[in-house]
Amino acid sequence: MAETPHLYLIDGSGYIFRAYHALPPMTRPDGTPVGAVFGFSNMLFKLIQDLADGEKPSHLAVIFDAARKTFRSEIYPEYKAHRPPAPEDLVPQFSIIRDAVKAFGVPAIEMEGYEADDIIATYAKQAADKGFKVTIVSSDKDLMQLVNEQVTMFDSMKNKRIDYTGVVEKFGVGPDRVVDVQSLCGDSVDNVPGVPGIGIKTAAQLITEYGDLDTLLERAGEIKQPKRRETLLENADKARMSRELVRLVNDAPVPFGLDDLTVREPEPGPLLAFIDEQSFRSLKVKVQHHYAGFLDDSPTVDPVSEAVTVEKATYSCITEMADLEAWIVRIMAAGQVTVDTETTSLDVMQADLVGISLSIVPGEACYIPVGHTGDGDGMFAERPHQLDKAEVLKRLKPVLEDPSILKIGQNLKYDISIFARQGIDVAPIDDTMLMSYALESGLHGHGMDELSGLHLDHTPISFKDVAGTGKSQVTFDKVTLEKATDYAAEDADITGRLWRILKPRLASEQVMGVYERLERPLVPVLSAMEREGIRVDVPALKSLSNEFAASIQKLDEEIQKLAGRPFNVQSPKQLGEILFEDMGLKGGKKSSKTGAWGTGADVLEALAAEGHTLPEKVLEYRQFAKLKSTYTDSLVNDVNPETGRIHTSYHLASTTTGRLSSNDPNLQNIPIRSEEGRKIRRAFIAEKGCKLLSADYSQIELRILAHIADIPALKKAFADGIDIHAMTASEVFGTPIEGMDPMVRRQAKAINFGIIYGISAFGLARQLGIERSDAQKYIEAYFERFPGIRAYMDNTIAAAKESGYVTTLFGRKCHIAALRDKNPMHRAFGERAAINAPIQGTAADVIRRAMIRMPQALVDAGLTDVKMLLQVHDELVFEAPEARVDAAIPVIRTVMEGAAAPAIELSVPLDVDVGSGDNWEEAH
DNA sequence: TAAGTCACG
DNA sequence: GACGTACGTGACTTAT
């Protein structure tokens, strides 16, 4: 059975004026004004898109007014006579808008002598008579008389449908009596006289009481209120004439039949040609996406060779809505915008939005202050005039979320988090910091100031210049608008310039894939993790602090006593003097750089092994002092007062290998190796009714080494699930795996780690506390058993020296500057880094891929309440309602174990251990 | 701000 | 022949 045909009639004239007035002027390159054309085209296209998503129209037409003279001016010359002529810059746009409608493949209909409303009424009647459904796309109240069971109106700006109820809300009567009401109350806009002194409410009341206009006028004498009775009797003719003006003609001799309005797909060629002619870039992208399923959200970069220098750029401060609207129109036309936010804090979870800067082309940027408070107490400076924050965000939200508008930024994760807290999902994005990182990790930092100096030869205004430094530093909301504009707008300008320089290099330097697949998509994932945070048991941490404090005090007393004189145990300098001068212990070494005695844990352990008590106590002291100051004391202060959880910040571009780093606080180095330390890990707990889930890759780096260096024996061991360290021991030392001495296995484990780090006999000897010559023998034995390893190392170093960088399996480049250093020691360091980087970096890439896929995989499995909280290099930590734990585990494992595919088919399996518990320690 | 130390993978 | 040396991070403390 065929669906009911559905005719959509679009009130073109209404659309035009709304487009014109909603948007500030814009012109195309030849100077023709096209603001209304742009707005109209966008509205029309949006409507077509929305319709395609929901109720599909079978028939569609856009209706226009032909000329100002109609039969109504014959009846009443004053009809619509007070309307000012169309604005000068709108006039040339009328015909272009008709072309736009045709380009979209929609009939554009107009008739001499009739208003658009009459044509709409005529088609609505014809269609309704044939049993169609009809939707009139307009918010014009004059059309409300047409509403009935088959005919409704749709206000596309407010996205609101107007049916019988909607009409009653507006006029107080049903659609069939709207004409009567309008005849009485008139319409000042159209200059319909009506009856003086009667408005909508009175009119509706009268019509409801008397049934219709004719009855009312006949029985006007019965009206009790004398004044109302008089005016009605006096103006009966005016009311009847008004009815003629207001009542729509529904039998106009329309030029097309209903069949001619059947919906058809537009010809993409002419449509795109039309859009090109108007230079509507963002619309072009949307249209391409809609009609061809093709979306290029990364517009090609315009070469801006003529760009003005940063010094001569023009930066404006936006404090009026009209100026913001103008920027928004330009952003829509450009299809890209550089965005930067200014806030009161570097901590995204504590920061309040103070202002937003935007830039579209180099040399021009604006700053929109929304949260400046002057000096705060109003004593010296008042709160400066600025736009309302909620209003600004409301207007920017559609732009920031528009899939056809690219948002460019420097370290956008921060801004994304700020906007996310305001309910805005910024996408799609490009991040200049990540571009620089993909191109040149290891060569330099990727902060904006550094990149600006490097690529633009320009030192941006420093934050200190505007906010001061040290004790007198103020938050950004206290900065004057002038200073804030100079600083913030420049940041957006510079970021936009960097984008134009870095973006084209991604493809030409073969790191586009890394940027697109490993960097860009991770940004929203990390933003969500950071905002989620993790719960900690504050009382437990406080109690641990006290416990540690007591131990520290006791140890301090013992140490002072043993030393024979008071000194600061925390001072390595003083400790060295006590140990190696006062006490005259041997085995001390002064560092070559500073001449200070070494007092590291390895030194103290050696002394303790000789039977000295003081160094042993110092080791204990240091352990407690470390745990207290770095963890139990400070983590308590890191609990966010609003969320009650700890929110770390992940840095995406700080390592040379592609690993993330975590700071403020660092949650990637929470203790686990010592029993005392594990108590701290137990204080990381799940929310009530939830469990923490920990999933970690088992020996991922050794597995990757086995794959990259192509070592059959190692690969087979992993495939068979054999204990890899025991296997190494049996190969190197010739001892059987069964019943192996744990010490032997430990040595083999150290060798395996050594291999990954770019082994040296010295390093291995020191690690194991054995003779260097013995370490050398082990290494030689290892290389002999697995000859591919040495070949891999030699080849890697040779290639790295040639190019200056090494690459991971996924194409990430890790530049190693030290390789070309003239200092041989530095070069040796570079060689070891070159051996390690592809292994560590590939593992980092693998877990990045897992993290990028994880949120969708959880959603697809219906596990929307399972949250990914932390990443610790080879481990992901989740929080899940108890009832979801069993369902979450296989999803997490599948994503992580399959993370290399399909880009890389690893010749070793990836193994993931998953555990759960009430706290992080238990989850391991 | 640098150096030393130590927490993690 | 001497020199220093396992890879990658961040935070805290003392000393300058």
Side-chain angles (χ1 to χ4, degrees), chain A residues 441-442 567-576 589 591-605 618-619 621-635 637-638 648-651 654-674 676-678 680-681 696-702 705 750-768 772 775 779 806 814 816 818 823-841 843-844 847 870-875 920:
Chain A
S441 92
F567 79 106
N568 184 352
V569 185
Q570 302 229 74
S571 163
K573 186 168 172 280
Q574 294 178 34
L575 176 64
K589 266 185 202 168
S591 89
S592 61
K593 263 189 195 165
T594 59
W597 292 103
T599 68
D602 50 345
V603 176
L604 299 186
E605 272 163 24
V618 171
L619 281 168
Y621 176 100
R622 280 187 179 167
Q623 188 195 13
F624 287 119
K626 175 79 174 182
L627 296 179
K628 182 170 186 289
S629 70
T630 308
Y631 301 103
T632 56
D633 283 352
S634 54
L635 284 175
N637 295 323
D638 289 323
T648 183
S649 170
Y650 289 101
H651 205 317
S654 71
T655 71
T656 52
T657 57
R659 270 192 178 179
L660 304 178
S661 72
S662 155
N663 59 31
D664 296 310
N666 183 355
L667 295 187
Q668 290 182 324
N669 70 346
I670 299 304
I672 192 172
R673 292 174 186 170
S674 74
E676 291 301 321
R678 273 199 288 276
I680 290 163
R681 198 167 273 239
D696 68 293
Y697 285 107
S698 162
Q699 277 129 14
I700 187 170
E701 295 193 353
L702 274 178
L705 173 70
I751 296 174
N752 278 332
F753 274 101
I755 295 292
I756 291 169
Y757 296 150
I759 202 160
S760 77
F762 180 93
L764 182 62
R766 203 180 60 164
Q767 181 68 28
L768 288 176
R772 201 166 143 178
I779 292 167
V806 292
C814 309
I816 296 165
N823 180 330
M825 200 181 79
H826 291 175
R827 274 206 307 278
F829 171 75
E831 291 178 4
R832 291 194 297 274
I835 290 166
N836 175 258
I839 302 166
Q840 186 182 115
I847 199 164
L870 302 177
Q871 189 250 42
V872 193
H873 309 308
D874 63 357
E875 174 191 10
W920 194 1

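Proteins come first, then strands; the chains are lettered A, B, ... in the order of their sequence lines, and each starts at number 1.
- Checked against side chain to side chain contact (heavy atoms under 4.5 Å, CB included), A:Gln699 has the following partners two or more places apart in sequence or in another chain: A:Leu702, A:Arg703, A:Phe718, A:Ile724, A:His725.
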Discussion item. Expected output check: what is the dot-bracket annotation of DNA chain C, where ( ) and [ ] are pairs inside the strand (brackets for crossing ones), | is paired with another strand, and pairs are Watson-Crick or G-U under 3.5 Å?
Written reply: ......|||||||||.
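- For residues 661-670 of chain A, no residue pair satisfies the salt bridge (Lys or Arg N to Asp or Glu O under 4.0 Å) rule, not counting sequence neighbours.
- Residues satisfying the salt bridge (charged side-chain N to carboxylate O under 4.0 Å, His left out) criterion with A:Lys628, sequence neighbours excluded, are A:Asp633.
- Residue-level contact check: A:Gln570 touches the backbone only, with heavy atoms under 4.0 Å from sugar-phosphate atoms and none from bases.
- In this structure, A:Ala828 reaches neither bases nor backbone, as no heavy-atom distance under 4.0 Å exists between it and the strands shown.
- Qualifying side-chain hydrogen bond (donor to acceptor under 3.5 Å, both in side chains) partners for A:Ser674, counting only residues two or more places apart in sequence or in other chains: A:Gln623.
- When heavy atoms are screened at a 4.0 angstrom cut-off, A:Gln574 is found touching the sugar-phosphate backbone but no base atom.
- Take A:Ser662 and apply the side chain to side chain contact (heavy atoms under 4.5 Å, CB included) test, not counting sequence neighbours, and it matches A:Thr648, A:Tyr650, A:Asn666, A:Leu667, A:Gln668.
- Here the range on DNA chain C touched by chain A, meaning any atom under 4.0 Å from one of its heavy atoms, is C:dG4 to C:dT16.
- Contacts of A:Glu676 classified as salt bridge (charged side-chain N to carboxylate O under 4.0 Å, His left out), with partners at least two apart in sequence or in another chain: A:Lys679.
- Within the 4.0 angstrom heavy-atom criterion, only backbone atoms of the sugar-phosphate kind lie near A:Ile672; the bases stay farther away.
- In this structure, A:Ala765 reaches neither bases nor backbone, as no heavy-atom distance under 4.0 Å exists between it and the strands shown.
- Partners of A:Arg832 under the side-chain hydrogen bond (donor to acceptor under 3.5 Å, both in side chains) rule, at least two apart in sequence or in another chain, do not exist in this structure.
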What nitrogen or oxygen pairs link the protein and nucleotides 1-4 of chain B at under 3.5 Å?
{"residue": "B:dG4", "atom": "OP1", "partner": "A:Thr594", "partner atom": "OG1", "Å": "2.9"}

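- Applying the salt bridge (charged side-chain N to carboxylate O under 4.0 Å, His left out) rule to A:Arg766 yields no partners; only residues at least two apart in sequence or on another chain are considered.
- A heavy atom closer than 4.0 Å to some atom of DNA chain B occurs in A:Gln668, A:Asn669, these being the qualifying members of residues 661-669 of chain A.
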